[in-house]
Amino acid sequence: MAAPAKDENLSLVVHGPGDIRLDFSVYSWLSILELCRPGWPRTQISACLCLSSAGIKAWAEDQENYPIPELGPNDVLLKMHSVGICGSDIHYWEHGRIGGFVVKKPMVLGHEAAGTVAKVGALVKHLKPVKMAGADEEGDRVAIEPGVPREIDEYCKIGRYNLTPSIFFCATPPDDGNLCRFYKHNADFCYKGLPDGVTFEEGALIEPLSVGIYACRRGSVSLGNNVLVCGAGPVGMVTLLVAKAMGAARVVVTDLSASRLTKAKEIGADFTIHVAKETPQEIASKVESLLGSKPEVTIECTGSESSIQMGIYATHPGGTMVIVGMGSEMVNVPLMHAAVREVDIKGVFRYCNTVADGNFHACIEDFECKALSYPQIPSGKGCRSL
Ligand SMILES: [Zn+2]
C-alpha cells in the first residue's frame, strides 16, 4: 500500500458506537446536518452535532485520509460521485454493530453508490477509464453492486451468491464501504448501463431498488396478484413499486406513520392501513375486506413481531410470506396457522442477480424512481421519504 497522501482519499469512517469521523474541511455543516433525518429525536441530532469535535480531530490528525487503493487485475478504481445513507450505515454509526457484525476497527461507510471509472486493472475489458488529464472524455459511469463473492463456492455455482459466507460487502464489518473519494471494486460488479439523463444519484439508488426486486421475486409476485406490503419505509416503498411493475393487481401497504402512507398512495398503493392499536388479527381482516380476498403474497418489511404475526394471518392459504425486515432473533409467530394453511415463509438476505447491464432502463424508467425520490435527496429527505 502506498503511503497516504494529503487530500487523496477522504473518507467517512465509523470507529465505534456513536463515533463517526470525517474531514470537516470538505464537508459543510449543512451537509452534516442533512444526515439528520426529519423527525429524529434531539439526542440523535445532538449526536450528529457531536461529530464536529471528532471531525476536527480527524482533520488535524489526517486520520480519515486513506491511501488510494492499488488495483488487482480484475478491479477498477472508481471516482465516487453519489452514495446513499442507508439505515444500516446509521445503525453502525449509532450502535457499532448489527447482530453479529461488529465494528472492531475503523470502517468506511456506504454501499449505495455510483461513480466514474478512473482506472482499470490489467484484465478488465468491458469498462473504460477516464482518459489521461487534459482529455475531456469521461470514464464509464457505473452503479455498484456492493456484494462481491470472494470464492466460487456451492452458492455461487447455483446463482445464489448472496448466501456465500465469505462474501465481501461494502460497509459490513470488516469490509470498507465506498463513502470516500476513490474506491476499488471488482469490475464484474460495476454496471455501466446508466443511460444519459440518469443521474449518479439515481444510479446509487439501484441498490435499494434491488432489495424490492429480490423480495418480489422470492414471493413470486405475478400478474393479477393481490400483495400486502407491511411497512412503508424505503424498502416497503421500493417493494410496492416493483410489485406493481411485476403485475400485481392490487397492493395494500401498512404502516404506523400517516405521512409515509400518503407517500405510498402517491406512488401507487391501492389501499393503505394506518396501524394503531388493533390486534394483528384485526388488521389482517381489514386487509382481506379491502381486497375482497386474502393476498397471495405478503412482503414484511418492518421486522416487528406484531407485523409478522399480522402478515401470517393475512396471507392466502397456499400463498407466500416473505420476511425482509430485520427484527429480533427470537420472534413469536403463529407458525401452526401458517403450516396448516400451507403458507410458505421465505427469508431474504440482501439480493442477487437483480442488476445487469441494460436493466437500468427497467429499473429507472419503468419504476419511475426518478420522479419519486431523487428530487428530495438534495434537501436531505431522500432516505426517509423515498
Ligand atoms: Zn442499503
Side-chain angles (χ1 to χ4, degrees), residues 9-12 22 26-28 30-38 76-90 93 108-118 127 130 138-147 170-171 177-183 185 189-213 233-242 245 260 263 266-267 351 354-386:
N9 194 14
L10 298 168
S11 307
L12 182 74
L22 70 166
V26 291
Y27 295 90
S28 69
L30 199 61
S31 66
I32 302 310
L33 286 170
E34 280 176 2
L35 289 174
C36 300
R37 301 176 185 192
V76 290
L77 184 69
L78 301 172
K79 187 170 190 298
M80 301 310 300
H81 187 288
S82 297
V83 182
I85 310 279
C86 179
S88 67
D89 294 314
I90 305 284
W93 166 18
V108 181
L109 289 175
H111 61 267
E112 304 171 356
T116 305
V117 177
L127 295 175
V130 65
E138 286 278 289
D140 280 326
R141 302 162 69 233
V142 298
I144 296 163
E145 179 170 2
C170 297
N178 42 34
L179 223 172
C180 51
R181 285 186 174 172
F182 290 97
Y183 169 73
H185 203 62
F189 290 75
C190 297
Y191 300 94
K192 67 175 177 181
L194 285 181
D196 286 345
V198 172
T199 65
F200 285 107
E201 288 84 353
E202 291 155 358
L205 289 192
I206 295 291
E207 195 276 343
L209 185 63
S210 287
V211 179
I213 295 171
V235 171
M237 294 293 195
V238 291
T239 302
L240 158 65
L241 291 171
V242 176
R260 286 184 172 200
K263 178 62 79 178
E266 275 172 32
I267 67 171
Y351 44 79
T354 50
V355 184
D357 285 353
N359 275 0
F360 285 102
H361 275 106
C363 289
I364 298 288
E365 291 176 3
D366 293 355
F367 300 157
E368 296 176 352
C369 262
K370 184 174 182 173
L372 295 172
S373 60
Y374 300 108
Q376 302 197 45
I377 285 183
S379 61
K381 294 176 185 161
C383 288
R384 188 173 180 85
S385 53
L386 165 67

Check your understanding: Quick one: are Asn178 and Leu78 in side-chain contact, heavy atoms under 4.5 Å?
Key -> no
**Study point:** Closest heavy-atom pair and its distance - Cys86, Glu112
**Key:** CB-OE2, 3.2 Å
Point to revise | Min side-chain heavy-atom separation Ser88-His111 under 4.5 Å | key: yes
Review point. Roughly how far, to the nearest 0.5 Å, is CG of Leu179 from CE of Met80?
Key: 8.0 Å
Study note, to complete from the structure: For His185, the side chain to side chain donor-acceptor pair (under 3.5 Å) test, sequence neighbours excluded, returns Tyr183
Check your understanding: Closest approach of Val238 and Pro208, non-hydrogen atoms and distance?
Key -> CG2-O, 3.6 Å
Exercise for review: Using the test side chain to side chain contact (heavy atoms under 4.5 Å, CB included), find all partners of Val108 that sit at least two apart in sequence or belong to another chain.
Suggested key: Ser11, Val13, Tyr66, Asp176, Cys180
Review point. Is there a side-chain contact between Leu109 and Val83, using heavy atoms and a 4.5 Å cut-off?
Key: no
Check your understanding: Which atom names give the shortest non-hydrogen contact between Gly203 and Ala114, and what distance separates them?
Key -> C-CB, 4.0 Å
Revision key, fill the gap. When every non-hydrogen atom of Ala171 is compared with those of Asp89, the smallest separation belongs to CB-OD1, 4.0 Å
**Study point:** Main-chain N/O of Ala204 paired with Glu207 side-chain donor or acceptor, under 3.5 Å
**Key:** no
Point to revise | Closest non-hydrogen atom pair, Ser210 against Thr354 | key: OG-OG1, 3.0 Å
Practice item. State, to 0.1 Å, how close Leu241 and Ile267 come at their nearest heavy-atom pair, and which atoms those are. Key: CD2-O, 3.8 Å
**Study point:** Test item: Phe182 and Lys79 side chains (from C-beta on) under 4.5 Å apart, heavy atoms
**Key:** yes
Review point. Less than 4.5 Å apart, any side-chain heavy atom of Cys190 and any of Val117?
Key: no
**Study point:** Set of residues satisfying ring pair (Phe, Tyr, Trp, His ring centres under 6.0 Å) with respect to Phe200, sequence neighbours excluded
**Key:** His81
